[in-house]
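This report concerns only the one structure given below.
Since the structure is predicted, the reported quantities are computational estimates derived from the model, not experimental observations.
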Amino acid sequence: PEMEREKGVIVEEINMYKDSPRSIVGNLLEETMWPNQPLGRDIAGQVGTVTKFNQAMFRSYLDRHYQTGNMIIGISGKYDRTKLNKLVNKYWAKIPSKRFEGFSSVKNAQNAPRVALFKKDTQQAHFNLAFKSFGFNDKRNTAALVLSSILSGGMSSRLFTEIREKRGLAYYVRAGQNPYIDTGAFDVSAGVRVSHLEEAIKVTLEELSKIVTGEISQKELQKAKEFLKGKTTLFLEDNQSRLDWYLEQTAFRKEVKTPAEAFAEIDKITVAQVKKVAKELFDAKKLSIAVVGPYKKAVENKLFTIVNRWRKNV
């Protein structure tokens, strides 16, 4: 009965996400970037698979993944290290560690731009475009973070100024570098007026190419760095966020860094490094675009035309 109740909760959660265009467009983008493989699938699953889930499948999953060699204990806040070590030794260290199942490596091959459209009767259109980027341990990650801050770090950033303030095309627009273990996605997302989708995507791509071909002042670079460090500092104010910071690094990175060490890396980034990483990232062959809105199939062809024209200028 308990499992059946939880199935119902998850099904309703899936239905809730299906009602949210921002959730749909994010899932659609990942499916477009990594089709027919785990990274591209919706983490909540499908209604059909959830309802078929049984106790044997549940226990099999636990046995394959929830082993001590595949777990990390994290503590944040005031605690007694001596007592903690005794508790870990009592309840954890003596448990035999069985083999655990690893993850499936991503298939990253992409030789042409991709466009996916989900037709939904919305008052606002949503798009998410992304380029294949870098994994957790790639040294170019820090420059990519600074690049994302130049593009959408605050109300004076390039995308916010050009798309929202000057043209009034979008309510929200953001850019981000999202690393995984063996790949990543540098994405730009926005909620735009339905009648101005094509213009918004065209302007977005033009702003990306300006990073590669234009100038970045030291003042703009410094402002982007300070925004990035300030946002991170605010994020790390509570214990749970600090715990998340160190757990992520312990799980996925080869070297665990303190916030101060991460900030020092940000401070070292130069204009040349930002432009170099932008040129590596903004390759139309590695571009995927997902759109949710009240559009017909013909919109896909128009977006391909915009991408192909932009491709010639990067």
Side-chain angles (χ1 to χ4, degrees), residues 1-11 13-14 17 23 26-27 29-77 79-109 132-141 176-185 236 239-258 261-262:
E2 186 178 357
M3 184 175 289
E4 292 305 313
R5 284 196 301 270
E6 190 60 31
K7 285 182 187 180
V9 172
I10 296 171
V11 167
E13 184 180 6
I14 292 171
Y17 290 138
S23 296
N27 288 333
L29 178 73
E30 291 175 347
E31 182 183 330
T32 304
M33 294 183 76
W34 297 288
N36 303 314
Q37 49 184 315
L39 191 56
R41 298 185 189 123
D42 184 354
I43 196 169
Q46 303 294 326
V47 171
T49 56
V50 170
T51 54
K52 291 178 181 178
F53 199 59
N54 58 45
Q55 193 175 81
M57 295 165 66
F58 182 72
R59 292 188 180 280
S60 172
Y61 185 87
L62 288 176
D63 189 58
R64 285 181 287 121
H65 296 282
Y66 283 71
Q67 300 298 334
T68 53
N70 197 33
M71 296 182 188
I72 302 168
I73 294 179
I75 308 291
S76 179
Y79 64 94
D80 186 313
R81 182 178 289 274
T82 301
K83 289 182 179 179
L84 173 64
N85 289 339
K86 287 180 179 179
L87 288 169
V88 169
N89 188 61
K90 180 178 179 180
Y91 294 105
W92 183 284
K94 295 178 181 178
I95 300 173
S97 182
K98 301 179 183 178
R99 290 185 62 185
F100 58 87
E101 191 169 307
F103 71 97
S104 301
S105 298
V106 73
K107 298 173 183 176
N108 240 354
K132 300 281 178 62
S133 65
F134 319 121
F136 276 112
N137 292 293
D138 196 299
K139 293 181 179 179
R140 294 169 291 181
N141 258 313
Q177 159 62 4
N178 306 293
Y180 301 106
I181 291 178
D182 54 355
T183 186
L236 293 171
N239 283 334
Q240 182 59 55
S241 297
R242 286 195 292 274
L243 181 60
D244 291 342
W245 170 279
Y246 285 104
L247 281 175
E248 179 188 275
Q249 294 188 79
T250 303
F252 304 125
R253 300 182 191 273
K254 294 177 181 177
E255 183 180 357
V256 178
K257 295 175 182 174
T258 65
E261 289 171 331

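Counting non-hydrogen atoms of other residues, nucleotides and ligands closer than 6.0 Å to CG of N89 gives a total above 12. Taking a 6.0 Å sphere around OH of Y246, one finds it holds more than 12 heavy atoms contributed by other residues, nucleotides or ligands.
Sorted by first and then second residue, the salt bridge (Lys or Arg N to Asp or Glu O under 4.0 Å) pairs with a member in residues 244-253 read E248-R253; sequence neighbours excluded. For residues 79-107, the set of pairs meeting the ring pair (Phe, Tyr, Trp, His ring centres under 6.0 Å) definition, not counting sequence neighbours, is empty. Among residue pairs with one or both ends in residues 35-50, none qualify as salt bridge (Lys or Arg N to Asp or Glu O under 4.0 Å); sequence neighbours excluded.
By the side-chain hydrogen bond (donor to acceptor under 3.5 Å, both in side chains) test, E6 pairs with no residue at all, sequence neighbours left out. In this structure, D182 has no salt bridge (Lys or Arg N to Asp or Glu O under 4.0 Å) partners at least two apart in sequence or on a different chain. Partners of N178 according to the side-chain contact (heavy atoms from CB on, under 4.5 Å) rule, which considers only residues two or more places apart in sequence or in another chain, are D187. Remark: A262 engages W245 in a side-chain contact (heavy atoms from CB on, under 4.5 Å) (not counting sequence neighbours). Applying the ring pair (Phe, Tyr, Trp, His ring centres under 6.0 Å) rule to Y61 yields the partners H65; only residues at least two apart in sequence or on another chain are considered. Remark: E261 pairs with K257, T258 by the side-chain contact (heavy atoms from CB on, under 4.5 Å) rule, at least two apart or across chains. Listed by chain and residue number, F252 satisfy the ring pair (Phe, Tyr, Trp, His ring centres under 6.0 Å) test with F136 (two or more places apart in sequence, or in another chain). Not counting sequence neighbours, the partners of I95 by the side-chain contact (heavy atoms from CB on, under 4.5 Å) test are T68.
A donor atom on one side chain and an acceptor atom on the other are not found under 3.5 Å apart for Q37 and S104.
Distance check, rounded to the nearest 0.5 Å: CG of N141 to OG of S133 gives 7.0 Å.
Pairing each heavy atom of L243 with each of S76, the nearest pair is CB-CB, 3.7 Å.
Counting only heavy atoms from C-beta outward, the side chains of M33 and K132 approach each other to under 4.5 Å.
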Cut-off 3.5 Å, no hydrogens considered: what does the side-chain donor-acceptor table look like for residues 51-58, sequence neighbours left out?
from: T51; atom 1: OG1; to: V47; atom 2: O; distance (Å): 3.1
from: T51; atom 1: OG1; to: G48; atom 2: O; distance (Å): 3.1
from: N54; atom 1: OD1; to: A56; atom 2: N; distance (Å): 3.1
from: N54; atom 1: OD1; to: M57; atom 2: N; distance (Å): 2.8

